Chemist: 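Dumping the structure here so I can ask a few things about it.
Each chain gets a letter, A, B and so on, in the order its sequence line appears, and its residues count up from 1. Owing to the predicted nature of the structure, the values given are computational and were not obtained by experimental measurement.
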Amino acid sequence: GDGYGGFEVFRRQLEEIEAQGLQSAFQLHKETYAQLSILMNNGSCLDLAENAALGERYINHLAQLSGEIRAVLGPINLNSAKQLVGALTRKVPSITLTEYQWKKWDDEEEKFSTKKAVLMREAHKHPIIAKVLEYRRRETLRRFVTGIHKHVRKRGKLAFVETSIRGDVTVTHRMSSSKPNLQNLARDTEEESALQLNVKSQYISRFLGGTLSEADESQLELRIAAIASSDGAMMDAFLRGTDVHTELAAMMRGISTKHVTEAIRQAGKTTNFHVLYGGAAFGLSLRLGCSKPEAEGMIAQFYATFHGFEAWQRAQEAFAKKHLYVESMFGRRRHFVQPRSWKAPEGKRILRQAVNAPIQGDASAVTNIGIKQAMDRIEKERLQSKLFMTVHDSALTDNYPGEREYIHDILRDEMEHPNTEQFGVKLTLPLQVDIKTGPTWGSMSKLVTA
DNA sequence: GTTTATGGCCAC
DNA sequence: AAACGTGGCCATAAAC
Ligand SMILES: Nc1nc2c(ncn2[C@H]2C[C@H](O)[C@@H](COP(=O)(O)OP(=O)(O)OP(=O)(O)O)O2)c(=O)[nH]1
Ligand SMILES: [Mn+2]
């Protein structure tokens with residue numbers, strides 16, 4: 001009843017594991033996913049002094065903001081969305097705290113929302129709204145500072161958190177991280193780094209004089225989408241070396257790719273994946289703040305350009321309707337429960353999941369095969385550096401002094417050349433890995449490769 | 001006083 | 001009766 005199939009789907013998965021025996025998808029799981037979750041138990045080293053300093057700064061910022069806001073809105077609990085609706089409506093009568101107005105075709109209750117997108121849309125109506133947004137951001141990031149206290153383990157002079165990496169949680173066969181989750185740490189921004197509020201800066205090397213590095217697959221799911229669908233235009237784009245995220249961001253704003261900042265490129269990413277995974281004009285127009293016809297035009301242009309991918313989408317959907325599961329290139333499956341109708345929201349959601357699951361899942365497989373190879377080399381060559389974490393399409397290493405450059409070679413060699421053939425998959429496009437490095441997870445600079 | 005649900009938001 | 005997908009976590013509100 002949770003939309004993920006419940007018992008029936010679980011039973012079918014069990015049957016599959018029994019029937020699959022030593023098939024390649026099972027091998028992949030056993031030799032790669034299960035191993036990674038065991039091997040990445042080194043923990044992540046924490047700078048406790050930085051943690052304490054961050055905590056102090058967040059408390060101060062929050063106290064200041066809380067005072068300013070409650071002076072205007074009254075003595076409410078700012079962490080309560082419900083109280084915020086009441087206070088904001090009183091103070092700013094013109095405010096519209098709904099995500100979007102729908103028909104209200106009968107005496108349905110109005111659904112209020114104070115989420116970020118809504119507050120940003122309404123922010124021009126009163127200066128206090130921006131303050132609330134700032135409070136929210138600080139409060140959310142504070143939890144990355146104080147929330148890890150219960151997970152800290154001392155090892156001699158050093159402090160660690162030992163996240164649990166599991167490969168048996170997600171329906172698409174991605175890895176998950178918990179207790180603490182290290183896959184959703186807030187990215188460092190210039191503004192917050194300047195204020196010394198960068199939460200990733202508390203993650204450091206465990207070695208005296210050591211460094212951290214992160215190797216991230218470039219535009220990974222777009223590449224996998226191109227490979228899986230064999231779409232000509234998409235393949236061409238990558239063979240030409242295009243950065244599709246950047247190109248789209250530049251095109252949407254009518255600026256040159258030179259002027260695309262990291263933040264702008266990130267917005268382009270979100271748009272790309274929105275459209276790739278069956279997003280509608282309605283949601284796109286909300287996200288871009290443009291009209292619905294404009295959004296429709298953009299989606300139409302996407303499918304006009306990538307009709308090969310559209311055909312692949314239709315094929316996935318047809319397969320899902322017929323068999324109630326989809327299967328990826330690596331032979332991994334996601335099962336569905338029969339919806340009442342394929343045209344209702346419930347059914348349409350399944351069809352989008354049918355398009356997404358094989359791509360997200362195989363992107364994960366490709367990454368993890370490469371990571372496993374890198375870990376094997378670090379062990380075989382008796383290096384002291386540690387590959388201690390994965391964030392879906394990236395790997396983090398803690399570099400022993402003097403080993404960094406060689407570790408970078410390993411990361412690039414292995415992650416750009418995962419041996420997928422052993423699991424029956426031929427990658428028809430090259431992969432590209434971007435490497436960053438620095439003294440902390442929150443202060444890394446891109447490696448310039450000649 | 002516990003539990004569970006919800007709203008919200010971070011990442012990829 | 002919604003409107004890219006995959007996760008985990010926290011504080012409040014509601015229910016036990
Ligand atoms: N459906 C969906 N998938 C996402 C979204 N953000 C990230 N992903 C998936 C697809 C990405 O290829 C993958 C890795 O995320 P990254 O941030 O590394 O993006 P990507 O590799 O595409 O670009 P990059 O060149 O690394 O900046 O995670 C999103 O908003 N929606
Ligand atoms: Mn990436």
Chemist: Has A:R287 got a side-chain N or O lying under 4.0 Å from the OP1 or OP2 atom of C:dA3?
Modeler: no
Chemist: When the distance from CE of A:M298 to P of C:dC4 is rounded to whole Å, what number comes out?
Modeler: 14 Å
Chemist: Strictly below 4.0 Å: does A:K200 bring a side-chain N or O up to OP1 or OP2 of B:dA11?
Modeler: no
Chemist: Using the P atom as the reference point in each nucleotide, state the distance between B:dG8 and C:dA2 in Å, no decimals.
Modeler: 16 Å
Chemist: Using the side-chain heavy atoms of A:S80, tell me which of these nucleotides is nearest: C:dT12, C:dA11, C:dC9.
Modeler: C:dT12
Chemist: Would you mind reading off the distance between A:L276 atom CG and C:dC4 atom P, rounded to a whole angstrom?
Modeler: 13 Å
Chemist: For the base of C:dA3 and the side-chain ring of A:F282, does the geometry meet a stacking cutoff of under 5.5 Å between centres and under 30° between planes?
Modeler: yes
Chemist: Using atom CD of A:Q353 as one end and atom C1' of C:dT6 as the other, report the distance to the nearest whole Å.
Modeler: 10 Å
Chemist: Would you say A:Q266 reaches B:dA11's phosphate, i.e. side-chain N/O to OP1/OP2 under 4.0 Å?
Modeler: no
Chemist: Taking the side chain of A:N356 as its heavy atoms from C-beta onward, which of C:dG7, C:dA11, C:dG5 lies nearest to it?
Modeler: C:dG5
Chemist: State whether A:R349 places a side-chain N or O below 4.0 Å from either non-bridging phosphate oxygen (OP1 or OP2) of C:dA1.
Modeler: no
Chemist: Does a side-chain N or O from A:T114 land closer than 4.0 Å to OP1 or OP2 of B:dG8, or not?
Modeler: yes
Chemist: Could you tell me whether A:R332 sits above the aromatic face of A:Y33, with NZ or CZ closer than 6.0 angstrom to the six-membered ring centre and within 45 degrees of the axis?
Modeler: yes
Chemist: Is NZ or CZ of A:R206 both nearer than 6.0 Å to the six-membered ring centre of A:F388 and within 45° of the ring axis?
Modeler: yes
Chemist: We want to know whether A:R136 and A:T114 form a side-chain donor-acceptor pair, criterion being a heavy-atom distance below 3.5 angstrom.
Modeler: yes
Chemist: Is it true that, when you exclude A:Q301 itself, more than 12 heavy atoms of the residues, nucleotides or ligands shown sit nearer than 6.0 Å to its CD?
Modeler: no
Chemist: Once you round it to whole Å, what is the distance between P of C:dG5 and CZ of A:F309?
Modeler: 14 Å
Chemist: Heavy atoms under 4.0 Å, any strand shown: does A:G147 hit a base, just sugar-phosphate, or nothing?
Modeler: sugar-phosphate
Chemist: Quick one: label A:H392 by what it contacts on the DNA or RNA (base, sugar-phosphate, nothing), any heavy atom closer than 4.0 Å.
Modeler: sugar-phosphate
Chemist: For the residue pair A:S229 / A:D231, report whether a side-chain donor-acceptor contact shorter than 3.5 Å exists.
Modeler: no
Chemist: Under 3.5 Å for both donor-acceptor distances, Watson-Crick or wobble: does C:dA3 have a partner, and if so which one?
Modeler: none
Chemist: On DNA chain C, does the nearest nucleotide to A:R143 precede the nearest nucleotide to A:K348 from the 5' side, or the other way round? Give the residue.
Modeler: A:K348
Chemist: Go through C:dG5, C:dG7, C:dC4 for me and flag the one nearest to the A:Q360 side chain.
Modeler: C:dG5
Chemist: Are A:Q83 and C:dT12 close enough that a side-chain N or O sits under 4.0 Å from OP1 or OP2?
Modeler: no
Chemist: Taking only N and O in the side chain of A:N77, is any of them less than 4.0 Å away from OP1 or OP2 of C:dT12?
Modeler: yes
Chemist: Are A:K82 and C:dA14 close enough that a side-chain N or O sits under 4.0 Å from OP1 or OP2?
Modeler: yes
Chemist: Look at atom NE2 of A:H307 and say whether more than 12 heavy atoms of other residues, nucleotides or ligands are closer to it than 6.0 Å.
Modeler: no
Chemist: For nucleotides C:dA1 and B:dT6, find the distance between their P atoms and express it as a whole number of Å.
Modeler: 15 Å
Chemist: Could you check which of C:dA11, C:dC4, C:dT6 has an atom nearest any side-chain atom of A:F273?
Modeler: C:dC4
Chemist: Would you classify A:S394 as touching base, sugar-phosphate or nothing, given that sugar-phosphate means primed atoms plus P, OP1 and OP2, and contacts are heavy atoms under 4.0 Å?
Modeler: nothing
Chemist: Would you mind reading off the distance between A:K269 atom NZ and C:dT6 atom P, rounded to a whole angstrom?
Modeler: 19 Å
Chemist: Should A:S176 be listed as having a side-chain N or O under 4.0 Å from OP1 or OP2 of C:dG8?
Modeler: yes
Chemist: Could you tell me the Watson-Crick or G-U partner of C:dC9, where both distances fall under 3.5 Å? Say none if there is no partner.
Modeler: B:dG8
Chemist: Rounded to the nearest Å, what distance is computed from the CD atom of residue A:E317 to the C1' atom of nucleotide C:dC4?
Modeler: 13 Å
Chemist: May I ask you to say what A:R142 touches in the nucleic acid, namely base, sugar-phosphate or nothing, with a heavy-atom cut-off under 4.0 Å?
Modeler: sugar-phosphate
Chemist: Tell me: NE2 of A:H274 to P of C:dC4, nearest whole Å?
Modeler: 4 Å
Chemist: Are any of A:T270's side-chain N or O atoms less than 4.0 Å away from OP1 or OP2 of C:dC4?
Modeler: no
Chemist: At under 4.0 Å between heavy atoms, what does A:V169 touch on the DNA or RNA strands: base, sugar-phosphate, or nothing?
Modeler: sugar-phosphate
Chemist: Looking across every strand, which nucleic acid part, if any, lies under 4.0 Å from A:S177 by heavy atom: base, sugar-phosphate, or nothing?
Modeler: sugar-phosphate
Chemist: Which nucleotide in the set C:dA2, C:dG8, C:dA11 lies at the smallest distance from any side-chain heavy atom of A:P345?
Modeler: C:dA2
Chemist: Is A:R352 close enough to C:dG5 that one of its side-chain N or O atoms is under 4.0 Å from OP1 or OP2 there?
Modeler: yes
Chemist: Fit a plane to each ring of A:F273 and A:Y277, take the angle between them on a 0 to 90° scale, and name the class: parallel (under 30°), tilted (30 to 60°) or perpendicular (over 60°).
Modeler: parallel
Chemist: Are A:R121 and A:T96 packed together at the side-chain level, in the sense that at least one heavy-atom pair is separated by less than 4.5 angstrom?
Modeler: yes
Chemist: Classify A:K116 by what it touches in the nucleic acid, base, sugar-phosphate, or nothing, heavy-atom distance under 4.0 Å.
Modeler: sugar-phosphate
Chemist: Side chain of A:K111 only, please: which of B:dG8, B:dC10, B:dG7 is the nearest?
Modeler: B:dG7
Chemist: Choosing from C:dA13, C:dA11, C:dG5, which nucleotide comes nearest the side chain of A:E139?
Modeler: C:dA11
Chemist: Please pick, from C:dC4, C:dG8, C:dT6, the nucleotide with the shortest atom-to-atom distance to any side-chain atom of A:S178.
Modeler: C:dG8
Chemist: Quick one about A:Y135 and A:Q64 (side-chain donor to acceptor, distance below 3.5 Å, no hydrogens or angles considered), yes or no?
Modeler: no
Chemist: Of all the choices, B:dA11, C:dT6, C:dC4, which nucleotide is nearest to the side chain of A:R334 once you look at every atom?
Modeler: C:dT6
Chemist: Nearest-Å distance, CG (A:L141) to P (B:dA11)?
Modeler: 8 Å
Chemist: Would you say A:K150 reaches C:dC10's phosphate, i.e. side-chain N/O to OP1/OP2 under 4.0 Å?
Modeler: yes
